[in-house]
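My questions will all concern the structure given below.
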Amino acid sequence: MKKGEVLTGIVDRVDFPNKGVVITQEGSCIVKNVLPGQKITFAVQKKRNGRAEGRLLTVEENAPTQIESPCPHFGSCGGCIYLSLPYDEQLKIKETQVRKLLEGALSGQSEEWIFEGIKESPAQTGYRNKMEFSFGDEYKDGPLSLGMHKRGGFYDIVTVKDCQIVDEDYRKILAFTRDYFDGCSFYHRLRHTGYLRHLLVRKAYRTGEILIALVTTSHMDGEKGGVDAENKEKFDLERWKKQILNLDLKGKITGVLHVVNDSVADVVQSDRTDVLYGQDFFYEELLGLKFKISTFSFFQTNSLGAEVLYETAREYIGDLTASCEGQKPDKLVFDLYSGTGTIAQLMAPVAKKVIGVEIVEEAVEAAKRNAELNGLHNCEFIAGDVLKVLNEIEEKPDMIVLDPPRDGVHPKALKKIIAYGVNQLVYISCKPTSLARDLEVFLENGYVVKKAVAVDQFPWTANVETCVLLSRKKSRGKSTKIEIEIDLSEADRREYIGTATYQEI
């Protein structure tokens, strides 16, 4: 197998997150955006240290389980991977991927552990409660698009007006906004000029409340690539707001915002936020608790799936709950990478105190408001990097819950977490490769995995959540031989040398 060769082979499997292993007569090659069982033709792009990577050219034969995709954007949009497979087949792929990674990480663990498979999402379509749509063009110098990045591209945008992972309200808001601003300039990521950047839509699954934010630059004149004279009236955001409020939606719009972002980076952030209508937050309900969510607050994007995930975590923490039944809770729990404090608040009724640590200050403020909203007064939330904050907290936890970002726990922070020596620890991960890496460190430092389960928070995409329960092994200590001199009596002054074993528990 050589770089530049065009080969044909069968996809043997797909490793996380989207790495198809293709078998050919010349050897195996990694090719993305394929399905197990497909016969494909690909071009070899890299060959290094015996490992080859290729680019998909054509699908010669579909997989035996493949079906027609329900989404017309599938294949061009880069969002979903498994839309042409039945849902149960997608679950099998993700379950196999997570199991393989965990078995590799735990190969050195002598104790038995339980893998509980994968839990499906209660809703497979229209499940997302947040979407960040981008402005651009579908091809160079083409008409304005608003939607998702094209598969395999960074600059081209597909207007996903029929997207299946959001409900009809999202599609109506997207289609209207694209048509309204047709003719206006969008932000060019290379030239750093233009006006329109993103459309952020958030909708609560339980309450139906909707928050809409239009993200633009501050460049409004033609010189800076902003709104030209012919389309000047379209910069009238008051007119856009009034028309969007008149859309026939199932949900209720609680806020319409204009966010100004002049950052060079292609990220959704705010230099200034103006409230055009209503408020800059909405409410969602989860497992009997109410959460106030602002524009940029972190919150699980699948509300019903989040309930499955958090119920699983709460089940894994069952030993702590049981220990508190019939007596006053006396446990201190750390919720690290706590976001808007969802896990902390679920733990609060069975703990003496919960301390949440989160680096995003806005999320911490939201967590404080949410705890107050739910009448929970034993939650403390601290804004800051976990690595630094752990040095400042004098209290020692009885239990730790981890829900870090995709890259996992910082190695130095991981050492500090392990040094607490808590008997139980729950690790929630949205990237099983990072989880597998961190689990190896836990095993090296006296922990064992008791059980684990995958949770499908993101149907049709390559992503999956994993929940793991770890316990600290009891130290067997060292056997020490001790010589003892015993004086029985003055009449018999014989010395007895005995041995004893001291067991350190």
Side-chain angles (χ1 to χ4, degrees), residues 73 77-79 126 128-138 142-150 155-189 194-204 209-220 226-227 231 234-249 251-263 265-282 293-297 299 301:
H73 310 299
C77 169
R128 286 191 67 96
N129 58 39
K130 176 186 177 183
M131 288 294 285
E132 295 176 356
F133 299 115
S134 298
F135 286 96
D137 50 11
E138 193 161 350
L144 181 70
S145 294
L146 173 60
M148 306 297 291
H149 288 275
K150 185 179 285 188
Y155 300 104
D156 301 335
I157 302 296
V158 180
T159 298
V160 288
K161 58 184 180 61
D162 297 306
C163 177
Q164 296 300 298
I165 62 174
V166 295
D167 70 19
E168 185 64 24
D169 285 353
Y170 285 85
R171 296 192 283 267
K172 288 181 178 179
I173 294 168
L174 178 144
F176 165 76
T177 301
R178 195 225 74 86
D179 292 344
Y180 180 90
F181 287 106
D182 189 28
C184 293
S185 68
F186 62 87
Y187 180 75
H188 290 267
R189 295 166 182 81
Y195 179 60
L196 301 167
R197 298 195 70 155
H198 299 94
L199 176 68
L200 173 64
V201 183
R202 306 190 74 159
K203 180 182 178 182
E209 295 184 349
I210 303 171
L211 188 66
I212 303 170
L214 180 70
V215 185
T216 74
T217 67
S218 60
H219 308 324
M220 293 176 286
V227 182
N231 293 286
K234 298 209 172 164
F235 180 70
D236 183 1
L237 298 187
E238 184 68 20
R239 182 167 165 260
W240 167 74
K241 176 204 73 177
K242 287 180 179 179
Q243 292 188 30
I244 213 165
L245 288 173
N246 286 329
L247 291 177
D248 182 19
L249 305 176
K252 177 185 177 183
I253 297 176
T254 60
V256 180
L257 315 175
H258 176 213
V259 177
V260 176
N261 174 20
D262 285 328
S263 168
D266 184 32
V267 294
V268 180
Q269 65 181 43
S270 172
D271 294 337
R272 187 188 81 242
T273 297
D274 299 324
V275 179
L276 305 180
Y277 167 81
Q279 59 206 26
D280 62 352
F281 61 88
F282 66 103
I293 304 168
S294 56
T295 316
F296 299 107
S297 293
F299 198 79
T301 55

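Because the structure is predicted, anything quoted here is derived from the model rather than measured. One is the number of the first residue; the rest follow in order along the sequence.
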Could you state the interatomic distance from CD1 (I212) to OG1 (T177), rounded to the nearest 0.5 Å?
7.0 Å
Find the distance between CZ (F135) and CD1 (I157) and round it off to the nearest 0.5 Å.
10.5 Å
For N246, I'd like to know if atom CG has over 12 heavy atoms of other residues, nucleotides or ligands within 6.0 Å.
yes
How far does NZ of K130 sit from OG1 of T295, to the nearest 0.5 angstrom?
9.5 Å
Has K161 got more than 12 heavy atoms of other residues, nucleotides or ligands less than 6.0 Å from its NZ?
no
Closest heavy-atom contact between D266 and R197?
CA-NH2, 4.1 Å
With rounding to the nearest 0.5 angstrom, report the CG to CG distance, L214 to D274.
11.0 Å
Starting from the C-alpha separation in whole Å, work towards a yes-or-no answer on side-chain contact (heavy atoms from CB on, under 4.5 Å) for D182 and R178.
CA-CA 6 Å; D182 189 28; R178 195 225 74 86; 3.7 Å; yes
Can you check whether D162's main-chain N or O pairs, donor with acceptor, with H73's side chain at less than 3.5 Å?
yes
Shortest non-hydrogen separation from C184 to L196 and the atoms involved
CB-CD1, 3.9 Å
Donor-acceptor pair, D169 side chain versus G251 backbone, under 3.5 Å?
yes
Ignoring hydrogens and angles, tell me if any N or O in the side chain of T301 forms a donor-acceptor pair with the backbone of R128 under 3.5 Å.
no
Does F176 reach the side chain of Q243, with side-chain heavy atoms less than 4.5 Å apart?
yes
Rounded to the nearest 0.5 Å, what separation is found between the OH atom of Y155 and the NE2 atom of H188?
12.0 Å
Minimum heavy-atom distance between N261 and Q269, given as atom pair plus value:
CB-O, 3.2 Å
How close do S270 and F296 get, counting heavy atoms only, and between which atoms?
CB-CE1, 3.7 Å
Hey, does the side chain of K172 reach the backbone of D248 with a donor-acceptor pair shorter than 3.5 angstrom?
yes
Backbone N/O of A213 and side chain of R202: donor-acceptor pair under 3.5 Å:
no
Short question: side chain of D271, backbone of D262 - any donor-acceptor pair under 3.5 Å?
yes
Quick one, M131 and M148 - any side-chain contact, counting heavy atoms below 4.5 Å?
yes
Please round to the nearest 0.5 Å and tell me the distance separating atom CD of Q279 and atom CG of L257.
9.5 Å
State, to 0.1 Å, how close E138 and K150 come at their nearest heavy-atom pair, and which atoms those are.
O-NZ, 3.3 Å
Any donor-acceptor pair under 3.5 Å linking the side chain of T254 with the backbone of I210?
yes
Looking only at atom types and distance, does a side-chain atom of S297 sit under 3.5 Å from a main-chain N or O of I293, one as donor and one as acceptor?
no
Take I173 and F133, measure what side-chain contact (heavy atoms from CB on, under 4.5 Å) needs, and give me the verdict at the end.
CA-CA 11 Å; I173 294 168; F133 299 115; over 6 Å; no
Any idea how F181 and W240 line up, ring-wise: parallel (<30°), tilted (30 to 60°), or perpendicular (>60°)?
tilted
What is the minimum heavy-atom distance between V268 and E132, and which atoms define it?
CG2-OE1, 3.6 Å
Quick one: do K203 and Y170 satisfy side-chain contact (heavy atoms from CB on, under 4.5 Å)? Show the steps, please.
CA-CA 8 Å; K203 180 182 178 182; Y170 285 85; 3.4 Å; yes
